[in-house]
2 protein chains.
Amino acid sequence: MCPGPNENGVNGQNGVSGQNGHSTDQATKKRAAAGPYQPVGDALSNIANFKIIESTLREGEQFANAFFDTETKIKIATMLSDFGVEYLELTSPAASPQSRADLETICKLGLKSKILTHTRCNMEDAKLAVECGVDGIDVVIGTSSMLQAHSHGKDMEYITRTAIEVIEFIKSKGIEVRFSSEDSFRSDLADLLFLYKAVDRVGVNRVGVADTVGCATPRQVYDLVRTLRTVVGCDIEIHLHNDTMCAVANAYAALEAGATHIDTSVLGIGERNGITPLGGLLARMIVSSHEYVTSRYKLHKLKEVEDYVAETVQINVPFNNPVTGFCAFTHKAGIHAKAILNEPSTYEIINPADFGIGRYIHFAHRLTGWNAIKSRVEQLGLAMNDDQIKILTNQIKAMADIRPLAIDDTDSVIRAFHFELQGEDVDKMNSTGALTVEN
Amino acid sequence: MCPGPNENGVNGQNGVSGQNGHSTDQATKKRAAAGPYQPVGDALSNIANFKIIESTLREGEQFANAFFDTETKIKIATMLSDFGVEYLELTSPAASPQSRADLETICKLGLKSKILTHTRCNMEDAKLAVECGVDGIDVVIGTSSMLQAHSHGKDMEYITRTAIEVIEFIKSKGIEVRFSSEDSFRSDLADLLFLYKAVDRVGVNRVGVADTVGCATPRQVYDLVRTLRTVVGCDIEIHLHNDTMCAVANAYAALEAGATHIDTSVLGIGERNGITPLGGLLARMIVSSHEYVTSRYKLHKLKEVEDYVAETVQINVPFNNPVTGFCAFTHKAGIHAKAILNEPSTYEIINPADFGIGRYIHFAHRLTGWNAIKSRVEQLGLAMNDDQIKILTNQIKAMADIRPLAIDDTDSVIRAFHFELQGEDVDKMNSTGALTVEN
């Protein structure tokens, strides 16, 4: 294999890249099967049977930097539909005249994903949404005592009555309807279950649980969804904010407890720090449900969608973004590099090839080991024995102790060392060949 | 309150900023106490009693972009010690001569944090570490069947014998010692517990559980730590990689199950996508244990440490970084803005003032509401009644439907509207005053 930058636009750095390092497809299955700590296989779990409600065009529009014009919305909707998400959620047509026009435009595109819009729980908004031609309407109302006091100021009886009226109206139009509370984890549990049971009884398609402020922990999510699962027969959707960095883990806990639908946005953009990111969720799910995830979603397109949305809202993809971050598959420490060269699944739980991404073994630094250097020596087409490579490794570590090393610095050291061992003629031939490939 | 950019270097954008929007200190306590979903208060939980092992100078040095020279290491160590972390973990002195020299230098600084180094589980490394003057040594060995086959190739009996020898040696020098397995979640449970029990019996200070590949889920972490808690009497440390974005939630689950020490690095930097980030962990913990976290750590210094490390390793702080990301406390949607203006804790689970950071209400966009515009009108010192503000809000939404709005665009619309209402003289006076403050 020749050295070179990784494919698919992943930042290449000094090191050894490989597109398909896993010896077989079985490697991926093996890594999921290894070890005693498998997902708790209880009867409620939907770990291998969930749907994605992609809300970049609703929650994502609430991101500080987001301004989506019609053309951008069409492009994002089309990319996400091609990617394979089951639903797209768009901003309420009541938000502004252009929001309404864009919703109508996207409903007419004939995308594979179902088109939802997200409205307040009142008849006026519901009627407007129906007129736009959507496949479904996600209605929401705040239920926490704090929101009741400071936001809309309505009591539980009023909420229940309104919810039923709105749901029955939407159902009468043959359209899918979801009813969600807001700030569910700071709402009164008895009120919440009473309300969900009431809307389930009138035939709501899904109830939604929302961690609006990002306060929930995985066990709280598990407990609430599991309790709710015993109260309603309909599907359960979960919407999780990421203020305390638990939005992916909480989505997983919700699925374990019987949730059926997960809200996401590309890169997680939304109000404040946003919600469960699409890529983060799939990184989590592919580890537990490889077959389900790879059969359902076109994972090779993930990076393209993320890059497009990042550019549109003028942000950088975080350095540590799951799967597509520049260092997600970069291995540096000597013992890591050694094991990865033997069998990638030792230090990789995700096979980067599933996402069309390469891995990278970083060898030009003081934590390097002789296995990484040996691999580089072989890539350069040079011949050395193990003892020689160990001496060379110490020379490289000594240099790297003084300053950061670039790939050509390190290759020069390798070649100089080889030159001393082999004589001028042999070395010249090899190094010329290798350099051509590198630049 | 006058409009202006947020303090502390948080990116200011078009909107209303406020440094201390919470009416009282009680607001913070109230938000933690609200709602029925409190941390499950079982006897094992260390949610309000944990210690941080800050590994930026060890795990963080394994980050692709990291090269820390002596001066940088001293600065990072000093900042983190001042911040209040209980332990600093540094790269093994066996890694390179400079690594050894730097470890000795930092041990002599007399920092408040205890100094640890992280070594392979063998006598040679342990002796070298002891000579460097550390307060403690974190030894590690791979235990998963995959690592046994592909990395060091040693069997369980050999691992146990070596571990005991190394631990007894370190203890004999009066130095703290931790023994950790590697890839614990893909190791054989019986082997793992046997090994931990053996080292506990010879007086190890802590055992470490490591999710080396980032595969674990919160329930798996909870189950393993809870089981381990019944087997050993010593402290339990947990080291969690973030490949599937669960490292913060998993740390929380570990504490709920009785873990005592959490490994972190600044911004989570480390191998691949790194580990539990210091800031992310504290965002999670302050929600559940406000008093413990605020009494123990100098949270106002978090942003400074993160910015310094980001600059050193040449990365951008992620846009959605917990607490310090530019949009962490930015509120955009109309109903959010309205509620936040009434009572911040409706849509904020963390009080930004605890971290010396301001909040921001975004009003110049099509999802805005009249409460946000009213607040802006008041900031500009203009007088309008609610009906007038509602008409004005519709004008602004119509403009924002066409293109992104800057703050001065929006203020111009507000002033023009006010001008029509009030006449030229009054308006000129007010707008001049407001503009001065803004720029």
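Computed over heavy atoms, backbone and side chain alike; hydrogens, waters and symmetry mates excluded. The chains referred to below are lettered A, B, ... by the order of the sequence lines, with proteins before strands, and numbering in each begins at 1.
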**Study point:** Non-hydrogen side-chain atoms of A:Cys246 and B:Arg284 separated by less than 4.5 Å
**Key:** yes
Check your understanding: So which part of B:Ala400 gets closer than 4.5 Å to some heavy atom of chain A, the side chain, the backbone, both or neither?
Key -> backbone
Check your understanding: Among B:Ala101, B:Gly280, B:Gly279, B:Ala66, which residue forms the greatest number of heavy-atom pairs with chain A at distances under 4.5 Å?
Key -> B:Ala66
Practice item. Mind checking ring-ring contact (aromatic ring centres under 6.0 Å, His included) for A:His118 and listing every partner two or more places apart, or none if nothing turns up? Key: none
Practice item. Please report the shortest heavy-atom distance between A:Asn320 and B:Leu267, naming the atom on each side. Key: ND2-O, 3.8 Å
Check your understanding: In Å and rounded to the nearest 0.5 Å, what is the CD1 to SG distance from B:Ile315 to A:Cys327?
Key -> 8.0 Å
**Study point:** Part of B:Pro322 lying under 4.5 Å from any heavy atom of chain A
**Key:** both
Review point. Got a second to check how far B:Ser96's OG is from A:Ile396's CD1, nearest 0.5 Å?
Key: 13.5 Å
Point to revise | Test item: B:Tyr347 and A:Glu182 side chains (from C-beta on) under 4.5 Å apart, heavy atoms | key: yes
Revision key, fill the gap. Counting heavy-atom pairs under 4.5 Å with chain A, the top scorer among B:Asp401, B:Val213, B:Ile269, B:Asn371 is B:Asp401
Exercise for review: Would you name the heavy atoms of B:Leu367 and A:Gln62 that are closest together and state the gap between them?
Suggested key: CD1-CG, 3.6 Å
**Study point:** Charged tip of A:Arg366 within 45° of B:Phe68 ring normal and under 6.0 Å
**Key:** no
Review point. Chain B heavy atoms under 4.5 Å from A:Pro218: which part of the residue, side chain, backbone, both or neither?
Key: side chain
Check your understanding: Side chain, backbone, both or neither: which part of A:His331 has a non-hydrogen atom closer than 4.5 Å to chain B?
Key -> both
Point to revise | Validation row: A:Met245, B:Leu281 side chains within 4.5 angstrom (heavy atoms) | key: no
Check your understanding: By a 4.5 Å heavy-atom criterion (distance strictly below it), what part of B:Ala328 contacts chain A: side chain, backbone, both, or neither?
Key -> both
Exercise for review: Side chain from CB out, backbone as N, CA, C, O: work out which of these in A:Asn321 comes under 4.5 Å of a heavy atom of chain B, or both, or neither.
Suggested key: backbone
Exercise for review: Would you mind reporting whether A:Asn65 and B:Phe326 have side-chain heavy atoms less than 4.5 Å apart?
Suggested key: yes
Review point. At what distance, to the nearest 0.5 angstrom, does OG1 of B:Thr212 lie from CD1 of A:Ile349?
Key: 10.5 Å
Review point. Just wondering, do B:His365 and A:Phe67 contact through their side chains at under 4.5 Å, heavy atoms?
Key: no
Study note, to complete from the structure: If one checks every heavy atom of A:Ala95 against chain B at 4.5 Å, the contacting part turns out to be both
Exercise for review: Walk me through it: do B:Val248 and A:Thr244 pass the test side-chain contact (heavy atoms from CB on, under 4.5 Å)?
Suggested key: CA-CA 8 Å; B:Val248 169; A:Thr244 60; 5.8 Å; no
Exercise for review: Heavy atoms only, distances under 4.5 angstrom: which of A:Asn242, A:Val317, A:Asn316 has the most pairs with chain B? Name it, please.
Suggested key: A:Asn316
Review point. Tell me, side chain or backbone of B:Ser99 under 4.5 Å from chain A's heavy atoms, or both, or neither?
Key: both
Check your understanding: So which of A:Gly369, A:Ala398, A:Ala216 has the largest heavy-atom pair count under 4.5 angstrom toward chain B?
Key -> A:Ala216
Practice item. Any pair with a residue in residues 271-280 of chain A that passes salt bridge (charged side-chain N to carboxylate O under 4.0 Å, His left out), sequence neighbours left out, goes on the list, sorted by first then second residue, please. Key: A:Asp243-A:Arg272
Review point. What part of A:Phe63 lies closer than 4.5 angstrom to a heavy atom of chain B: side chain, backbone, both or neither?
Key: both
Review point. Chain B heavy atoms under 4.5 Å from A:Ile402: which part of the residue, side chain, backbone, both or neither?
Key: backbone
Check your understanding: Can you tell me how far CZ of A:Phe319 sits from CG of B:Asn273, rounded to the nearest 0.5 angstrom?
Key -> 8.0 Å
